[in-house]
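Presented below is the structure to which this report refers.
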Amino acid sequence: MKILYVSDLDGTLLHSDETLSDYTCNVINDLVNKGMLFSYATARSYNTAIKVTHGLHVNIPLIVYNGVSIRHNISGDILMSHKFETIDRLLDDLISHDIMPIVYSYINGIEKFSYMKDKINSETLDFINTRKDDPRHHPINDIKQLYQGDIFYITCIDDTLKLEPIYHKYQHQYHCIYSKDFYSSSMWLEITPQNTSKAHAIQQLKEYLHCDYVIAFGDGKNDIEMFQLADECYAVSNADKELKTIATGIIPSNNDDGVAKWLKRNSNN
């Protein structure tokens, strides 16, 4: 049986300081060298994912932006991607409700994330400040620039009273994930095109690699669909309660290298 192993990053494979332990790297690299098909599915971009997974030798394509894109693990070439067909109404609605989003798009073929630098709230600014040296960084002064390019991902960081009504309004029109951020405890609403998800991308990767079976690891609400797709699914002990209820089993926490310990004990490679 050909098995595809897929792990979330933040809160699952990564420690709470956004690093990979030497133990996790050594275990997974050894298993990959022996033939294990291991990848990750993350809300992160390719740019930030490869930085925090430095030292991990993933041997198959990577799932980024919560399944919006599948990228080559070394070159970063886009193997699959989605974009919004129409998005103006949603952006109009966000702005009219005083929600200033971060908009991810391809502008003249170059990946950027745009935001109104003088109008974002402090929580959004805190996140932006962690990405200052990112080549995608694109602060703007004219709100019309939020609408430009091929838009594929929208992030809103704000309070519950603002975000929850938007989530309920658009959850069936787009793929929406509304949850508390693992690091900051701020509320995030992430909106992507309909029919995009980690689960959808994993199914595509499974078919691409001709695998028979999927084993997944996660911690958050954005891993629910991935768990529902997987043949086996394991939640780290620090995972969201809802995710734990559908997990095959509970493994040690992200800070205790739960994924690597499970793989070392159970992988056939």
Side-chain angles (χ1 to χ4, degrees), residues 41-50 62-72 76-121 123-125 127-132 134-158 162-179 181 186-201 204 221-222 225:
T42 178
R44 288 177 178 263
S45 68
Y46 176 80
N47 300 55
T48 59
I50 59 172
L62 313 172
I63 296 167
V64 296
Y65 284 125
N66 275 326
V68 172
S69 296
I70 299 177
R71 305 283 290 261
H72 190 276
D77 290 346
I78 298 172
L79 305 179
M80 181 281 295
S81 67
H82 297 268
K83 66 177 181 178
F84 291 103
E85 294 300 323
T86 58
I87 199 65
D88 289 8
R89 183 181 174 188
L90 171 60
L91 289 176
D92 289 345
D93 209 2
L94 292 173
I95 293 164
S96 70
H97 286 85
D98 195 31
I99 300 170
M100 282 298 160
I102 305 171
V103 177
Y104 296 78
S105 61
Y106 289 97
I107 301 173
N108 297 321
I110 300 173
E111 186 176 339
K112 297 289 183 183
F113 63 83
S114 305
Y115 63 95
M116 288 291 292
K117 62 181 181 180
D118 295 327
K119 294 186 179 294
I120 57 172
N121 59 27
E123 291 87 355
T124 306
L125 180 60
F127 172 75
I128 292 294
N129 284 337
T130 68
R131 304 290 192 270
K132 274 188 171 181
D134 195 308
R136 300 169 301 146
H137 186 236
H138 188 232
I140 59 175
N141 295 309
D142 183 351
I143 205 163
K144 293 179 181 178
Q145 292 179 280
L146 279 182
Y147 296 74
Q148 69 180 141
D150 293 325
I151 299 172
F152 60 87
Y153 202 99
I154 293 174
T155 296
C156 307
I157 308 171
D158 218 308
K162 288 184 182 179
L163 296 182
E164 194 164 353
I166 295 293
Y167 167 70
H168 288 299
K169 182 175 181 178
Y170 289 102
Q171 64 176 320
H172 300 298
Q173 185 173 347
Y174 304 108
H175 188 259
C176 301
I177 299 171
Y178 176 56
S179 61
D181 179 54
S186 298
M187 295 307 298
W188 284 45
L189 175 59
E190 296 167 281
I191 305 171
T192 60
Q194 189 61 275
N195 299 320
T196 61
S197 66
K198 289 184 179 182
H200 185 260
Q204 290 181 297
K221 290 184 183 295
N222 65 336
E225 291 163 305

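Residues T196 and F84 have side chains not in contact (no heavy-atom distance under 4.5 Å, counting atoms from C-beta outward). Looking at heavy atoms from C-beta onward, I87 lies out of side-chain contact with V103 at the 4.5 angstrom threshold. For the pair L189 and M187, the minimum side-chain heavy-atom distance is 4.5 Å or more. Here the side chains of I95 and L146 are in contact, with some heavy-atom distance below 4.5 Å. Here the side chains of Y178 and I166 are not in contact, with every heavy-atom distance at 4.5 Å or above. With contacts defined as side-chain heavy-atom distances shorter than 4.5 Å, the pair I140/M116 qualifies. Residues D181 and I157 are not in side-chain contact: their nearest non-hydrogen atoms beyond the backbone lie 4.5 Å or more apart. The closest side-chain heavy-atom distance from T124 to M100 is not below 4.5 Å.
A donor-acceptor pair is defined here as one N or O able to donate and one able to accept, closer than 3.5 Å; such a pair exists between the side chain of K198 and the backbone of A41. Between the side chain of K112 and the main chain of P135, a donor-acceptor pair closer than 3.5 Å is present. With hydrogens and angles disregarded, no donor-acceptor distance shorter than 3.5 Å links the side chain of K162 to the backbone of I99.
For the atom pair S69 OG and Y153 OH, the distance stands at 10.5 Å (nearest 0.5 Å). Put simply, CG on L90 and SG on C156 are 7.5 Å apart, with the number rounded to the nearest 0.5 Å. How far CD of E123 is from CG of D158: 7.0 Å, rounded to the nearest 0.5 Å. Put simply, CD on Q171 and CD on Q194 are 10.5 Å apart, with the number rounded to the nearest 0.5 Å. Interatomic distance, I63 CD1 to R71 CZ, rounded to the nearest 0.5 Å: 13.0 Å. Atom-to-atom distance recorded for I107:CD1 and D150:CG is 9.5 Å, nearest 0.5 angstrom.
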**Message:** Run the side-chain contact (heavy atoms from CB on, under 4.5 Å) test on I78 and Y106 for me, step by step, so that the C-alpha distance in whole Å, both residues' side-chain angles and the decisive distance to 0.1 Å come before the verdict.
**Reply:** CA-CA 12 Å; I78 298 172; Y106 289 97; 3.1 Å; yes
**Request:** Kindly determine whether L91 and I151 satisfy side-chain contact (heavy atoms from CB on, under 4.5 Å), including the steps that lead there.
**Result:** CA-CA 11 Å; L91 289 176; I151 299 172; 4.0 Å; yes
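With 3.5 Å as the limit, one finds a donor-acceptor pair spanning the side chains of Y115 and H137. Checking D92 against Y147 by side-chain atom types alone, a donor-acceptor pair falls below 3.5 Å. Side-chain atoms of E111 and Y104 include no donor-acceptor pair closer than 3.5 Å.
Remark: N108 CG is loosely packed, at most 12 non-hydrogen atoms of other residues, nucleotides or ligands lying under 6.0 Å away.
When H138, K132, R131 are each tested for a side-chain contact (heavy atoms from CB on, under 4.5 Å) with D134, only one passes: R131.
Residues A201 and I70 share a closest heavy-atom pair of O-CD1, 3.7 Å. Across all non-hydrogen atoms, the minimal contact from S179 to K221 is CB-CD, 4.1 Å. Across every non-hydrogen atom of S45 and Y65, the tightest pair is CB-OH, 3.3 Å. Shown here for K83 and P193, the closest heavy-atom pair between the two residues is C-CG, 3.5 Å. Smallest separation of non-hydrogen atoms from V64 and R44: CB-O, 3.3 Å. Heavy-atom minimum distance, I154 versus L94: CG2-CD1, 4.1 Å.
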